Every structure is written in structure tokens, then in C-alpha cells.
Amino acid sequence: MPETPPSHNQKPDWRDRFRLPTLRKRLATASLMPLRAGLNFNWSATQTWLQTRRNRLKPALVVALVVALIGLEIWHLWWGWPGASGPWERGRQNYASGHYTAALADLRQELQDHPTNSAAKLLLTQNLVALRQWPAATAYLTELLDANPNDPLTLYWVGRVQAGAGQAEAALTTWTVLLSRPDPATRAIWPHIQVALGELRYRQGQYAQAADLLYQALQRVADLEAAEQQRAFYLYGLLLARDLRIEDAQGPLQRAINLDIPGSQWDNVPLRANWQHTVEEARLVLTNLSAVGNERLVPAKRARLAYAYLVAEEYGAAEEQLLQVLRAAPTYAEARAYLGLVYWRTGRTERAFSTLNAALAATPANPLVRQ
């Protein structure tokens, strides 16, 4: 007997929605929906909507990334290094990785817990030097020298603090005495002394001595910290260029650019700022060295080299080159103009005006001199 169809007023059974014929019908209808919708689909409006969504998402993603990085750094500073057993071990690990602010807190905590830990006191001194906190470093060094006045490593850091505080002659004496000591403990730190003393000699204009010291230090480059390696390569490249060994100078300068220092940019700001400044200086010199090599005459080469030094703010080296040029070619107007600029930037304003006026009087139509 045929089944009586339900009336229109009869409420459908909810279970009918899940019976097989009903499911097949719903799936078939759903499969046709994209096709039907595609007939009246507005692709231009959709693309505009998607582009708007992308534009809104980009700033949000950047903000989320910055927040995540800051959160990671805060986590690191708060919790320290995982696996470190105490402030001494955490301080050593943080210092070795360039996290000087975190190391500062750990090492001070270690000295509060163990005031006689001389190794922690010396590492704290090194950390303070890296952060350029000279008075605090001096106080700890005084305590270390009272306990062991002949320790070579302590004396080396005494020289670093003296040089950083502007006491160049005192630092020169300290390091020179250390280089005369042949004992194994002192010889072990000779590369560090040679880099520091080589840079000091370079700043004093003692270029031959500086080159010799830096060359010796680079023979044991693996014993140097990353920041020391960068300074040694950069200065040695400048000194090779000074002798017009242009191709030889390019290698050390490039290595100074490629080197990096450990740690985050938020946690060792003074050291990273100096590192970035050295990178920029090395790039400027390296960029201008090709023009030096293209010149045929020696005075022209030295004038180009002086310009490379000048843009890198190596004013002492630039002045030396320009004086050599003017001794060989007194009428070289561009060299005299560059020399006036060196005088100006080093605070010798009267000599700058007289030099620039002399260059202008000799060649009044020269555009560089007039500028």
C-alpha cells in the first residue's frame, strides 16, 4: 500500500535531514552553488577587498613582530640564560655573548654573594669598559691592583681605562712596560696589548709603529675578541693604503666590514654603535680606493687617498697625505682646499681660512675651491 504523503501543515521530522536521500540532495545543491555564484561574481570588487585587507594586515604584522622581539629580549633579561647555575655563570655567558647590561647585573650580584671572587671583579671591570663606564671600572681596578699589583691582565685593563679616559701617555707607558715582560702570562695577552697600543700609536701619528704592532696582533687573530679584530683589520687596511698598497688594503677593510659582534643591539649599545661606525668608515674608504688606483701620478694618488681618509673622518691620516702632495706639487689647488677642510673640521679655524683663501687666490675659477 503506497505511503501517504505528509500534508503541508505537518511539521517535518528533524531526522529526515540526515537520511541518505536528503543528504544527497543537499550535497548536490551545495556543489552547484559556486557555479551559480560565479555567473554574477564581481572579480574587481573582490580584488579591491583583498588588497585592502593586505594593506591593513601589513602594519599589524610589523607591530606583532616588534612586540615579539621585545618580549623575547625582556624574557632573556629577566630569566637569564637557561641552564646557568648562578649569577657568576650567567654573567660569564652573558659577557661572552655580548649581553653587557645583563652581565653587569649578574656580576654585581655575584660580588655581593662572594666579595672575594677576583675573577668576577675583573670580568665586571671588562664589562664596564665595554660599556665605557670609566670611573666605575677604575674603582674595581684599584681593588684588584691592591690585591695583585703585578697581574698582567689587570694592568692591561688599567691601560684600557687610561686610554678611554683620555690619559694617552699613561696608557702608552702601561702597555709598553707589559710588552717588555717575557713571562708566559704576559705573552698570552700580547695580541690584546698590540691592538690597543697600535690604535693609540695610529691616533698619535706614529704610523710605522702602529703598522708593526697591528701586523703582529693579526698573526694571532683567533686570540682577539670580535671588536678587537674589527679595529685591527680596519686600521691595518688604512695603513696599507697609506703606503699606496691599494690591493693589499682592500682585504683587511673588507674583513672589517664583514665581521660582526655578538649580542643584541639593545643590550650593548655603546659597543654596537662603535662597531657600526667602523663599518661605515671602512665602506667609505674601500669605495674610494678604486679611484686611487686609477690615478697614474703619485701626487694624484695621494690626493685621492687623502679624500678617502677625509670622508671617513680620518683627519690625521688625511692631513699627512695632503702635506706630502703639497710638498711635491705646491700649486695643487684641490689638495690645498682639502687641507683647509681638514683644518676646519679639526677646530683650527684660522689655519682653515688662510689655507682656503690661498687656494682661492691661486685658482679663483676652480669650482671645488670656490665651494
Side-chain angles (χ1 to χ4, degrees), residues 163 172 175 179 189-261 274-329 332 334-335 338-339 341-342:
L172 179 65
W175 289 331
L179 286 178
I189 63 170
W190 273 8
H192 305 286
I193 302 170
Q194 288 160 345
V195 171
L197 186 56
E199 181 165 9
L200 183 58
R201 288 296 194 188
Y202 174 84
R203 298 303 172 195
Q204 293 177 330
Q206 304 293 327
Y207 299 118
Q209 296 180 36
D212 184 58
L213 287 163
L214 293 168
Y215 174 79
Q216 293 179 47
L218 290 173
Q219 302 309 300
R220 295 170 58 184
V221 66
D223 295 335
L224 300 171
E225 294 183 358
E228 292 176 309
Q229 291 182 27
Q230 187 197 44
R231 295 301 297 169
F233 280 122
Y234 170 68
L235 293 171
Y236 192 60
L238 294 182
L239 291 166
L240 289 173
R242 172 181 174 269
D243 295 332
L244 299 182
R245 297 168 58 183
I246 305 304
E247 293 184 3
D248 294 337
Q250 292 174 350
L253 289 170
Q254 189 62 56
R255 292 191 67 174
I257 294 170
N258 295 339
L259 277 169
D260 197 4
I261 57 175
N274 289 330
W275 165 80
Q276 185 60 41
H277 184 64
T278 302
V279 169
E280 293 172 358
E281 289 175 330
R283 282 203 182 106
L284 287 170
V285 175
L286 194 59
T287 301
N288 287 281
L289 281 186
S290 58
V292 178
N294 293 335
E295 296 289 348
R296 297 177 58 186
L297 300 176
V298 171
K301 286 180 180 290
R302 294 201 177 278
R304 290 283 188 179
L305 180 60
Y307 176 77
Y309 287 150
L310 181 60
V311 295
E313 300 181 353
E314 296 292 344
Y315 299 124
E319 181 177 353
E320 184 211 25
Q321 295 296 317
L322 292 168
L323 290 174
Q324 289 188 49
V325 171
L326 291 172
R327 281 195 292 269
Y332 203 141
E334 287 83 357
Y338 288 147
L339 184 60
L341 187 57
V342 168

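Keep in mind that what you see is a predicted model, and the values were worked out from it rather than measured.
Checking side-chain atoms of Q230 against main-chain N and O of W275 turns up a donor-acceptor pair under 3.5 Å. With hydrogens and angles disregarded, a donor-acceptor distance shorter than 3.5 Å links the side chain of H192 to the backbone of D223. No donor-acceptor pair closer than 3.5 Å links the side chain of D212 to the backbone N or O of A208.
Under the side-chain hydrogen bond (donor to acceptor under 3.5 Å, both in side chains) criterion, R242 pairs with E320, sequence neighbours left out. Looking at residues two or more places apart in sequence or on another chain, you find a salt bridge (Lys or Arg N to Asp or Glu O under 4.0 Å) between D260 and R272.
Side-chain atoms of E314 and Y202 form a donor-acceptor pair, as typed in the model, at a separation below 3.5 Å.
Between R231 and E228 the shortest side-chain heavy-atom distance does not fall below 4.5 Å. At a threshold of 4.5 Å between non-hydrogen side-chain atoms, the residues V342 and Y338 do not count as touching. Side-chain contact between L213 and L179 is present, with heavy atoms from C-beta onward closer than 4.5 Å. Side-chain contact between Q209 and Q204 is absent, with no heavy atoms from C-beta onward closer than 4.5 Å. Two residues are said to be in side-chain contact when any heavy atoms from C-beta on lie closer than 4.5 Å; I246 and Q250 meet this criterion.
Atom-to-atom distance recorded for D248:CG and D243:CG is 10.0 Å, nearest 0.5 angstrom. Here the CZ atom belonging to R220 is positioned 10.0 Å from the CD1 atom belonging to I189, to the nearest 0.5 angstrom. Interatomic distance, CG of L326 versus CG of L339, reported as 6.0 Å (0.5 Å rounding). Interatomic distance, CG of L286 versus CZ of R283, reported as 10.0 Å (0.5 Å rounding). Distance CZ/R304 to CG/L289: 12.0 Å, rounded to 0.5 Å. To the nearest 0.5 angstrom, K301 atom NZ is 7.5 Å from E295 atom CD.
Shortest non-hydrogen contact noted between A306 and A318 is O-CB, 3.6 Å. Shown here for V195 and A232, the closest heavy-atom pair between the two residues is CG2-CB, 4.1 Å. The nearest pair of heavy atoms linking L253 to A282 is O-CB, 4.0 Å. Closest approach of L214 and Q194 over heavy atoms only: CD2-O, 4.5 Å. V325 approaches A335 most closely through the heavy-atom pair CG1-CB, 3.7 Å. Nearest heavy atoms, A308 versus N288: CB-CB, 3.6 Å.
Environment of CD in Q219: crowded, with over 12 heavy atoms of neighbouring residues, nucleotides or ligands closer than 6.0 Å. Y332 OH: more than 12 foreign heavy atoms inside a 6.0 Å radius. Applying the 6.0 Å contact sphere to OH of Y215 captures no more than 12 heavy atoms from other residues, nucleotides or ligands.
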